[in-house]
Amino acid sequence: MQKTKEPQRMCIVCRQMKSKHELIRIVKAGEEIVVNAGNKVNGRGMYVCKSAECVDICCKKKSINKALSCNVDDCVYDALKESLNGAKK
């Protein structure tokens with residue numbers, strides 16, 4: 001029996017390819033930007049590793065702003081940190 005391939009995505013911070021299950025998804029759906037752990041929201045998505053290092057660098061360098069070419073509120077970065085804490089549990 002064949003093994004199914006697991007979808008691979010790239011972290012916008014460290015640029016490493018990882019399984020979708022090892023990453024946190026951030027989505028721009030219309031004008032709204034959502035940290036989406038469930039991967040159910042449609043829109044332009046990007047991924048960040050579930051590591052404290054990548055999340056900290058993302059917040060410091062404002063990587064989401066660069067990836068989306070727009071200004072992102074600090075509440076999105078706070079939600080990213082919260083989702084990291086939720087993912088570790």
Side-chain angles (χ1 to χ4, degrees):
M1 198 158 46
Q2 282 186 332
K3 289 184 180 180
T4 58
K5 291 184 180 180
E6 234 182 285
Q8 298 283 306
R9 300 292 184 262
M10 184 183 291
C11 173
I12 63 171
V13 178
C14 66
R15 312 296 285 174
Q16 289 184 352
M17 295 295 288
K18 294 189 178 186
S19 167
K20 279 176 69 172
H21 304 290
E22 298 175 35
L23 301 166
I24 300 169
R25 185 168 185 240
I26 302 154
V27 181
K28 181 178 182 183
E31 296 297 317
E32 185 178 14
I33 298 170
V34 181
V35 177
N36 179 25
N39 296 328
K40 299 289 182 189
V41 177
N42 293 330
R44 171 78 171 99
M46 67 213 67
Y47 295 85
V48 177
C49 294
K50 289 181 183 176
S51 71
E53 287 179 21
C54 280
V55 170
D56 288 340
I57 292 170
C58 180
C59 294
K60 286 178 186 172
K61 291 188 175 182
K62 304 287 186 184
S63 299
I64 300 172
N65 290 8
K66 292 175 188 173
L68 293 176
S69 301
C70 68
N71 290 331
V72 178
D73 292 335
D74 288 334
C75 63
V76 174
Y77 291 102
D78 294 338
L80 180 62
K81 289 178 184 178
E82 288 175 19
S83 68
L84 175 66
N85 293 335
K88 286 186 176 180
K89 292 181 181 178

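When a residue number appears, it is its place in the shown sequence, counting from 1. All of these numbers come straight from a predicted model, not from anything done at the bench.
Scanning all heavy atoms of the two residues, the minimum distance from N71 to N65 falls at C-OD1, 4.1 Å. Residue G43 comes nearest to R25 through the heavy atom pair O-NH2, 3.7 Å, listed as atom of the first residue, atom of the second, then distance. Scanning all heavy atoms of the two residues, the minimum distance from C70 to K28 falls at SG-NZ, 4.0 Å. Taking each heavy atom of V35 and A79 in turn, the nearest pair found is CG2-CB, 3.9 Å. Contact detail for K18 and C49: the closest heavy-atom pair is NZ-SG, 3.4 Å.
Counting only residues at least two apart or in different chains, salt bridge (Lys or Arg N to Asp or Glu O under 4.0 Å) contacts with residues 5-14 are absent.
Within the model, atoms SG of C54 and CD of Q16 stand 7.0 Å from one another, a figure rounded to the nearest 0.5 Å. Within the model, atoms CD1 of I26 and CG of L80 stand 5.0 Å from one another, a figure rounded to the nearest 0.5 Å. In this structure, Y47 OH and S19 OG are separated by 10.0 Å, a value rounded to the nearest 0.5 Å. Atom CG of D73 and atom CD1 of I64 lie 11.0 Å apart (nearest 0.5 Å).
The same ILVMFWY cluster, assembled from side-chain heavy atoms under 4.5 Å apart, contains both Y77 and L68.
M17 shares a hydrophobic cluster with M10; the chain of contacts runs through ILVMFWY side chains whose heavy atoms sit under 4.5 Å apart.
Under the rule for a side chain to side chain contact (heavy atoms under 4.5 Å, CB included), the partners of I57 that lie at least two apart in sequence or sit in another chain are V13, K61. With sequence neighbours left out, the side-chain hydrogen bond (donor to acceptor under 3.5 Å, both in side chains) criterion links D74 to K62. Applying the side-chain hydrogen bond (donor to acceptor under 3.5 Å, both in side chains) rule to D78 yields no partners; only residues at least two apart in sequence or on another chain are considered. For A67, the side chain to side chain contact (heavy atoms under 4.5 Å, CB included) partners two or more places apart in sequence, or in a different chain, are I12, M46.
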Go through the steps to decide whether E53 and C14 satisfy the test side-chain contact (heavy atoms from CB on, under 4.5 Å), and finish with yes or no.
CA-CA 9 Å; E53 287 179 21; C14 66; over 6 Å; no
